[in-house]
Amino acid sequence: MKINLSFAPTSAELNVYSCFNKTQEEKAAKTTKTSKKAPASKAKTEKVLVKPHWPEEVTEAFEHAVASKHYKGDVGETFALTLVNGQSAIILGLGDKNKVTKETLRRQIAHIYKAVSGRYEDMNLHLDGFLLKGEQEESLAAIVESLHMTSYVFDRHLSAKKTAKLQTINLVTSEKKTAQKKFEAAIAEASKIGESITVAKNFVNEAPNILNSETYAKEIEKDAKSLKNVKVKVLGVPELKKENMNMFLSVNAGSAYGARLVHLTYTPKKATSKTRHIALVGKGLTFDTGGYSLKPGASMMNMKFDMAGSATVYAAFRAAVLLELPVKISCYLGMTDNAVNEKATMPDSIVKARNGKTVEILNTDAEGRLVLGDVVNYACDSKPDALIDAATLTGAILVALGNEVCGLFSNDQKLADALLKSAKNSDEYMWQLPIIDEHKNDMKSVVADLKNIGGASFGGSAKGAAFIEAFIEPGISWAHLDIAGIGDSQGHLPYCSAKGASGLVIRTLVDYLRKQ
């Protein structure tokens, strides 16, 4: 799909215009002296369309349409027209102009794309009625993000590809050409983020018999070669043994494929000693059977999605590099599957982690924290200014926050606040949850320093986060994002797939990296 900026309408098959409305009250008629005691009639209200940005031919066509009298311009309400020149037009309602947000634009653009992508080859989207006052570039970016995310399909294994008829979208504006550079920059930046989200989605949606730890590492390495100022280091089983990552290796013990730790480093061109350094860590479980603590069959389906944390942080890293953000970023992806064979780790096993702490593995299905514990400890060696990990860590996060909200845990309120602010800026749902001393104490073992599950069944997400925190070195600001609820199947958002990878939280992380 091509997205073009145009300062004049083109001969596209379809034109899309926005429409707003406002509520107007009719004043009640004054009472006469003879009807002083009569109750005053209530003021009537009606919705009036607000459309000064419409060109004359659209206004004329709309007023000639008999059914236009019923159109109120409410959010998502559409009205179809045929213009004098033969082009089709759709009026898209956005409701009260004072209540329209960037998220309104994302959602409504997604709806209109889905409605027309199979019917027209090209489209003019007339920006004048979509760009919010004082937030023109941000509005434009939201529209482009929506187009990239909504148009995504995973059809690489289908013999008949799902190619949309709509291949060209012209973003038309009557703004002066002095706005061209700013608008083009906004489109380019949003496209880089959108393309990186697509990369993440493709990884998450790939079948586990194709994407294993070894092939996944190779694909990341291949993709990273196209990125400037990026170095890639891949640690295999021998290197992980030298690093004493025995928790990580215990998860990999039953696998047919070697564990991989992909370590990427981006150093901006003008880096100095004052340049901020952010570490991103991702859980990359390409499939999770639960190990000897075997999942039920129904729960095992879609466990290819258990590497979404690694895909999320890599996409954020990738987008930041393409945007040439002036922040140093290290990205660590811990990759393995959790399978069962005669060498697989048994419950009750005790292993020594990279930082020297011993861990009793009571449940082999609580494996993500074992991988992350060693990897975050490895990441601490570079002494980043902040370390953020993302993982599909617990089903308990869905109990706490539903499948629409990302759980946030942190040992640094300043870092937590910055991430919450970026989530709000990106219109993504994130909520902070606590890690209290009782959670930490519940992760202590009688026969080892720690155990990988708590003694009580409640507070599972916080206890999983408390376990990871035990491997964060003193003085390192750390945040943990539990994306188990929001990593896939976000059908309530029209720009996300009803089934499959969502690509959420990537925009939040990019926004956070921008602010460094």
Side-chain angles (χ1 to χ4, degrees), residues 245-248 250-251 281 283 285 288 290-296 299 306 309 334 338 345-377 379-380 387-402 405-413 415-416 430-485:
M245 294 194 185
N246 299 308
M247 290 196 299
F248 188 170
S250 73
V251 179
V281 177
K283 172 188 171 184
L285 265 290
D288 180 21
Y292 273 117
S293 303
L294 196 67
K295 294 178 185 289
S299 300
D306 214 16
N338 187 20
T345 298
M346 296 175 288
D348 291 337
S349 295
I350 296 176
V351 298
K352 183 179 283 188
R354 184 178 185 270
N355 69 347
K357 292 182 180 180
T358 55
V359 176
E360 181 185 18
I361 301 173
L362 294 176
N363 188 322
T364 61
D365 196 22
E367 83 300 329
R369 63 198 66 183
L370 299 174
V371 173
L372 285 175
D374 275 339
V375 178
V376 297
N377 188 257
C380 286
L387 189 160
I388 304 164
D389 79 72
T392 50
L393 200 76
T394 64
I397 202 68
L398 281 83
V399 178
L401 299 176
V405 183
C406 173
L408 165 66
F409 303 83
S410 182
N411 65 359
D412 181 349
Q413 195 56 47
L415 173 59
M430 186 176 289
W431 194 261
Q432 185 177 3
L433 293 167
I435 304 174
I436 58 176
D437 288 341
E438 284 79 358
H439 295 150
K440 298 175 184 178
N441 291 334
D442 197 31
M443 300 309 291
K444 293 179 180 178
S445 168
V446 175
V447 296
D449 297 323
L450 296 166
K451 55 188 178 182
N452 76 326
I453 58 170
S457 59
F458 303 114
S461 298
K463 291 171 185 177
F467 182 88
I468 297 169
E469 187 181 4
F471 302 94
I472 300 295
E473 293 296 326
I476 300 292
S477 295
W478 160 79
H480 163 63
L481 304 179
D482 194 332
I483 66 168

Run the side-chain contact (heavy atoms from CB on, under 4.5 Å) test on Val375 and Phe248 for me, step by step, so that the C-alpha distance in whole Å, both residues' side-chain angles and the decisive distance to 0.1 Å come before the verdict.
CA-CA 8 Å; Val375 178; Phe248 188 170; 4.0 Å; yes
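- Counting only heavy atoms from C-beta outward, the side chains of Ile361 and Ile350 never approach each other to under 4.5 Å.
- With Asn452 contributing its side chain and Ala366 its backbone, the two residues share a donor-acceptor pair below 3.5 Å.
- Of all the heavy atoms in Gly373 and Phe471, the pair that sits closest is O-CB, 3.2 Å.
- A donor-acceptor contact shorter than 3.5 Å links the side chain of Lys463 to the backbone of Phe458.
- Note on Lys295 versus Asp288: salt bridge recorded, some NZ/NE/NH1/NH2 to OD/OE distance being below 4.0 Å.
- In this structure, Leu415 and Trp478 approach most closely via the heavy-atom pair CD2-C, 3.5 Å.
- Residues Leu387 and Cys380 form a side-chain contact, since some pair of their non-hydrogen atoms from C-beta on lies under 4.5 Å apart.
- Here the closest heavy-atom approach between residue Ala465 and residue Phe409 is recorded as CB-CG, 3.7 Å.
- Inter-residue side-chain proximity for Arg369 and Met443 is flagged as met; some heavy-atom pair is nearer than 4.5 Å.
- For the pair Asn411/Ile472, a side-chain contact is recorded, criterion being any heavy-atom separation below 4.5 Å from C-beta on.
- Between Asp374 and Arg354 there is no salt bridge, since no side-chain N of the basic residue sits under 4.0 Å from a carboxylate O of the acidic one.
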Applying side-chain contact (heavy atoms from CB on, under 4.5 Å) to Leu481 and Leu408, what does each step give before you reach the verdict?
CA-CA 5 Å; Leu481 304 179; Leu408 165 66; 3.6 Å; yes
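- No side-chain heavy atom of Glu367 sits under 4.5 Å from any side-chain heavy atom of Met247.
- Taking CG of Asp449 as the reference point, atom CG of Asn355 lies at 8.5 Å (rounded to 0.5 Å).
- Considering Thr364, Asn338, Thr345 in turn, Thr364 is the only one that fulfils the side-chain hydrogen bond (donor to acceptor under 3.5 Å, both in side chains) rule with Ser293.
- Ile476 places none of its side-chain heavy atoms less than 4.5 Å from the side chain of Asp412.
- At distances below 3.5 Å, at least one donor-acceptor pair connects side-chain atoms of Ser461 with backbone N or O atoms of Ile397.
- No side-chain heavy atom of Met430 sits less than 4.5 Å from a side-chain heavy atom of Val405.
- Checked by atom type and distance alone, the side chain of Asp306 never pairs as donor or acceptor with a backbone atom of Leu285 at under 3.5 Å.
- A pairwise comparison of heavy atoms in Ile483 and Cys406 identifies CG2-SG, 4.0 Å as the closest pair.
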Using the rule given for side-chain contact (heavy atoms from CB on, under 4.5 Å), can you reason through Phe467 versus Ile453, listing the C-alpha separation, both sets of side-chain angles and the distance that settles it, and then say yes or no?
CA-CA 8 Å; Phe467 182 88; Ile453 58 170; over 6 Å; no
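- Proximity of Ile388 to Val281: side-chain heavy atoms (C-beta onward) are nowhere separated by under 4.5 Å.
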side-chain contact (heavy atoms from CB on, under 4.5 Å) between Leu372 and Leu393, worked out:
CA-CA 10 Å; Leu372 285 175; Leu393 200 76; 4.0 Å; yes
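- When atom types are taken as modelled, the side chain of Asp442 and the backbone of Gly455 share a donor-acceptor pair closer than 3.5 angstrom.
- The two residues Asp389 and His480 come nearest to each other via the heavy atoms OD1-ND1, 2.6 Å.
- For Glu469, the salt bridge (charged side-chain N to carboxylate O under 4.0 Å, His left out) partners are Lys440, not counting sequence neighbours.
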